[in-house]
Asker: 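Take a look at the following structure, please.
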Amino acid sequence: MPGKKEDSGFYRFLLWREKHIGERTFVLIISFLVGIGSALAALVLKDTIHFIQRLFTSGLQEGANYWLLIYPVLGILLSGLFVKYAVRDDISHGVTKILFAISQRKSRIKPHNMWSSLAASSVTIGFGGSVGAEAPIVLTGAAIGSNLGRLFRLEQKTLMLLVGCGAAGAIAGIFKAPIAGLVFVIEVLMLDLTMTSVLPLLISSVTAATMSYVFTGMEAMFSFSQTEAFLIGRIPYVLLLGVFCGLVSLYFTRAMIKIEGLYRKLKSYWQKFIAGAVTLSILIFLFPPLYGEGYDTIGSLLDGRFTHLMDKSPFNAFFDAGYWGVAIFLFLIILTKVFASSATNSGGGCGGIFAPSLYLGCIAGFIFAHTLNYFNVPSPLSEKNFALMGMAGVMSGVMHAPLTGVFLIAELTGGYDLFLPLIIVSISSYATIIVFEPHSIYSMRLAKKGELMTHHKDQAVLTLLKTDNIIETDFIRVTPDMSLGDIVKKAIAQSSRSMFPVVREDGRLTGLVLVDNIRNIMFRPELYNRFYVSRFMVSPPAKIVNDMPMEKIMKIFDDTKAWNLPVVDRDGHYLGFVSKSKIFNAYREVLIDTFSGD
């Protein structure tokens, strides 16, 4: 009951807070709480995944392991049933969901996302699903930030910031990488870094990383010791590695989108499950390193140990784990990883492509150096150094986030001595893929719909504007069979407008009547019954469809030089008009509301 609710202790706390704690100070407090919540969620997810993996993989022997045909299928089945019957909502593509929430200016993420992604992804990955836990934990952290902000009745612009705080805390907590958490929010979620946003983001990141250090120790996530110094003469090879990583990123991105599209064509849930289960189980049986996140494989390559990677594969009985045997085996993993990840998610599992991009990058870097060393390059390349740089390269390419790739890999492994080559490979990888794909794998779905928020403020404001909010409906409609006299008496005399939409009986727009076009005959009564609308109406210079993105609408206005344009639905039914002046007024309001204080 409203009265009772307003008398509650929590409501009294909100009143006390507004009186005694300023808005900026309170946001800093909430960002601290978001950092704690995100870190705890990351720790729970990691521990649950590792517990399940140890439970099911500790008894696997060398050679063919037929249990690998069953475990991943069981994982995506349990996860899919949980999502289908318990959650009853789509929780896939976590980062894309955050981008959509931010682009809609609502920044509202459903409360169940604070726990549903944790449960589904832990089962999916623990049982061997070939995806990563980072996208689910980022969605979880963002949901914590969004719902804490809503709980304390904070405004939309602050909710957007807290969503970013949750994402930053999640990355910092799961990777022990506070700087990478901050940079991820700026590059991938595309939040502007301003004086009002940098401190809350830093607080969440540092708090989450500190919590992770307290509970798991001070060691980096991957132990990496640089035994070979990086030489300036190897820079050309680093540039070539970046190009190779960019091409691997392009293959992964386009193949992922294509394969997901094929799965979406399957009508029923069970069809998708069967297709995904068969694909996933066969691939993991043939290539056991595809099992789970793949961090064991990364650790082996960074330690310089690679001969054992084929031990649990049936290929081990037919191929020697020699120089070319390992290289070919790992190259096949690069080709098949995208199929395993797509099968996991599309078949009912829950996970992201954060870990797969690290995994592919590590293997790509290793193969690159491994192959060149075989051909006796002038100075042998450190295979583990190039494996480390490859991680930054593919992550930069897939996510279109070179800074995130650099700082995350440096913090993830402690490989700060390789900072310069990490920057070079990240930039060259990003420069390679940007030629072919202007948007990251996360944002391309929204970009195609015109729903993507960007760093460019003009574009960002246009994204936030919705056609439905600026349609003007006070134009008097006329029909094609109306006479000139009817137009003068029933439309022109009763309206201040100089334009009238011509609408047929079925509601479809067929033309416009412009007062300027009939001014020479509208004052001649003898012509009132001789001329009809169908004779002097004109076609509009263009029509606006109500679901067009605002950026496209503005381009139409620029191309036609019009000031008013009619709006129709997909079937051509008349809805109203949009005017430049209305757009400019709405633009100013959104600009002030969204970016004031920057």
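All values below were derived from every heavy atom in this structure, side-chain atoms included, with hydrogens, water molecules and symmetry-related copies excluded.
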Asker: Do you know the tightest heavy-atom contact between Phe419 and Ala410?
Answerer: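 That closest heavy-atom pairing would be CE1-CB, 3.9 Å.
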
Asker: Filter on ring-ring contact (aromatic ring centres under 6.0 Å, His included), then keep only pairs touching residues 336-356, sequence neighbours left out; what's left?
Answerer: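 Counting only pairs at least two positions apart or across chains, the ring-ring contact (aromatic ring centres under 6.0 Å, His included) contacts touching residues 336-356 are Phe175-Phe354, Phe184-Phe354.
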
Asker: Assess the residue pair Ile125 and Ile52 against the criterion (side chain to side chain contact (heavy atoms under 4.5 Å, CB included)); give the C-alpha distance rounded to whole Å, side-chain angles, the decisive distance to 0.1 Å, and a yes or no.
Answerer: CA-CA 9 Å; Ile125 301 168; Ile52 297 174; over 6 Å; no

Asker: Would you check if Pro402 and Glu187 make a side-chain contact, meaning some heavy-atom pair closer than 4.5 Å?
Answerer: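 Heavy-atom side-chain distance check passes, below 4.5 Å.
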
Asker: With rounding to the nearest 0.5 Å, note down the distance linking OG in Ser249 to NE2 in His400.
Answerer: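 Here the rounded value is 8.0 Å.
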
Asker: Please list every donor-acceptor pair under 3.5 Å in which a side-chain atom of residues 127-135 meets a protein atom from a residue at least two apart or in another chain.
Answerer:
| from | atom 1 | to | atom 2 | distance (Å) |
| --- | --- | --- | --- | --- |
| Ser130 | OG | Leu290 | O | 2.9 |
| Ser130 | OG | Lys337 | NZ | 2.6 |
| Glu134 | OE1 | Ala355 | N | 3.2 |
| Glu134 | OE2 | Tyr295 | OH | 2.5 |

Asker: Determine which pairs satisfy ring-ring contact (aromatic ring centres under 6.0 Å, His included) with at least one residue from residues 249-270, sequence neighbours left out, and list them in order.
Answerer: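 Checked against ring-ring contact (aromatic ring centres under 6.0 Å, His included) - neighbours excluded - the pairs reaching residues 249-270 are Trp270-Phe273.
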
Asker: Going by side-chain hydrogen bond (donor to acceptor under 3.5 Å, both in side chains), name the residues that satisfy it together with Thr336, two or more places apart in sequence or in a different chain.
Answerer: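 side-chain hydrogen bond (donor to acceptor under 3.5 Å, both in side chains) list for Thr336, sorted by chain: empty.
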
Asker: Run the side-chain hydrogen bond (donor to acceptor under 3.5 Å, both in side chains) test against Asp417 and tell me which residues pass, sequence neighbours left out.
Answerer: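 Asp417 satisfies side-chain hydrogen bond (donor to acceptor under 3.5 Å, both in side chains) with no residue once adjacent residues are dropped.
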
Asker: Is there a side-chain contact between Thr140 and Ile137 (heavy atoms, below 4.5 Å)?
Answerer: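 They are in contact (side-chain heavy atoms under 4.5 Å apart), so the answer is yes.
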
Asker: Quick one: which residue pairs count as a salt bridge (charged side-chain N to carboxylate O under 4.0 Å, His left out) with a foot in residues 290-304, not counting sequence neighbours?
Answerer: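 The answer is Asp303-Arg305.
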
Asker: Without hydrogens or angle criteria, can the side chains of Thr216 and Lys176 be said to hold a donor-acceptor pair below 3.5 Å?
Answerer: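 Looking only at side-chain atoms, Lys176 and Thr216 do form a donor-acceptor pair, the distance falling under 3.5 Å.
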
Asker: Could you tell me whether a side-chain N or O of Ser122 sits under 3.5 Å from a main-chain N or O of Leu118, the two making a donor and an acceptor?
Answerer: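 Yes, Ser122 side chain to Leu118 backbone: donor-acceptor pair under 3.5 Å.
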
Asker: Which heavy atom in Gly292 sits nearest to a heavy atom in Gln53, and how many Å separate them?
Answerer: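 Minimum heavy-atom contact is CA-NE2, 4.0 Å.
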
Asker: Drop me the distance from Leu388's CG to Leu358's CG, to the nearest 0.5 angstrom.
Answerer: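 Between atom CG of Leu388 and atom CG of Leu358 there are 10.5 Å.
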
Asker: Can you give each donor-acceptor pair under 3.5 Å made by side-chain atoms of residues 78-87, sequence neighbours left out, with the distance rounded to 0.1 Å?
Answerer:
| from | atom 1 | to | atom 2 | distance (Å) |
| --- | --- | --- | --- | --- |
| Ser79 | OG | Ala120 | O | 3.4 |
| Ser79 | OG | Thr124 | OG1 | 3.0 |
| Ser79 | OG | Gly348 | O | 3.4 |

Asker: Got a second to check how far Met256's CE is from Ile441's CD1, nearest 0.5 Å?
Answerer: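 Taking CE in Met256 and CD1 in Ile441, the distance rounds to 5.0 Å.
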
Asker: Nearest 0.5 Å, what's the CE-CG distance between Met114 and Asn147?
Answerer: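 Output value for this atom pair is 4.0 Å.
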
Asker: For Glu411 and Pro178, work out which heavy atoms get closest and say how close.
Answerer: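 Closest approach of Glu411 to Pro178: OE2-CD, 3.2 Å.
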
Asker: Calculate, to the nearest 0.5 Å, the distance between atoms CG and OG belonging to Leu241 and Ser428 respectively.
Answerer: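 With rounding to 0.5 Å, CG (Leu241) is 7.0 Å from OG (Ser428).
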
Asker: Find the distance between CD1 (Ile298) and CD1 (Ile363) and round it off to the nearest 0.5 Å.
Answerer: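 Atom-to-atom, Ile298:CD1 and Ile363:CD1 are 8.0 Å apart.
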
Asker: Residues two or more places apart in sequence or in another chain: which of them pass side-chain hydrogen bond (donor to acceptor under 3.5 Å, both in side chains) with Ser212?
Answerer: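 Partners of Ser212 under the side-chain hydrogen bond (donor to acceptor under 3.5 Å, both in side chains) test: none.
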
Asker: Would you say Tyr237's side chain and Ala369's backbone share a donor-acceptor pair under 3.5 angstrom?
Answerer: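 Looks like no, no N/O pair under 3.5 Å.
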
Asker: If you take all heavy atoms of Met389 and Leu422, which pair is closest and at what distance?
Answerer: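 Shortest heavy-atom separation between Met389 and Leu422 comes out as CA-CD2, 3.8 Å.
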
Asker: Would you say Phe215 has more than 12 foreign heavy atoms packed within less than 6.0 Å of its CZ?
Answerer: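 No, the 6.0 Å shell around CZ holds no more than 12 heavy atoms from other groups.
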
Asker: If every non-hydrogen atom of Val406 is compared with every non-hydrogen atom of Ile423, which pair is closest and at what distance?
Answerer: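 Looking at all heavy atoms of both residues, the shortest contact is CG2-CA, 3.7 Å.
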
Asker: So, using side-chain hydrogen bond (donor to acceptor under 3.5 Å, both in side chains) as the criterion, who are the partners of Ser342 when residues are at least two apart?
Answerer: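 Testing Ser342 for side-chain hydrogen bond (donor to acceptor under 3.5 Å, both in side chains), a comparison that skips the adjacent residues, returns none.
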
Asker: Can you give the donor-acceptor pairs under 3.5 Å from side chains of residues 274-286 to other protein atoms, not counting sequence neighbours?
Answerer:
| from | atom 1 | to | atom 2 | distance (Å) |
| --- | --- | --- | --- | --- |
| Thr279 | OG1 | Ala275 | O | 2.9 |
| Ser281 | OG | Ala277 | O | 2.9 |
| Ser281 | OG | Val278 | O | 3.2 |

Asker: Can you list everything that forms a salt bridge (charged side-chain N to carboxylate O under 4.0 Å, His left out) with Lys258? Sequence neighbours excluded, please.
Answerer: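 Result, salt bridge (charged side-chain N to carboxylate O under 4.0 Å, His left out) vs Lys258: none returned.
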
Asker: Between Ser117 and Leu139, what is the shortest heavy-atom contact and its length?
Answerer: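 Ser117 and Leu139 have their closest heavy atoms at OG-CD2, 3.5 Å.
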
Asker: Can you pull out every salt bridge (charged side-chain N to carboxylate O under 4.0 Å, His left out) where at least one residue sits in residues 419-433? Sequence neighbours excluded, please.
Answerer: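 Checked against salt bridge (charged side-chain N to carboxylate O under 4.0 Å, His left out) - neighbours excluded - no pair reaches residues 419-433.
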
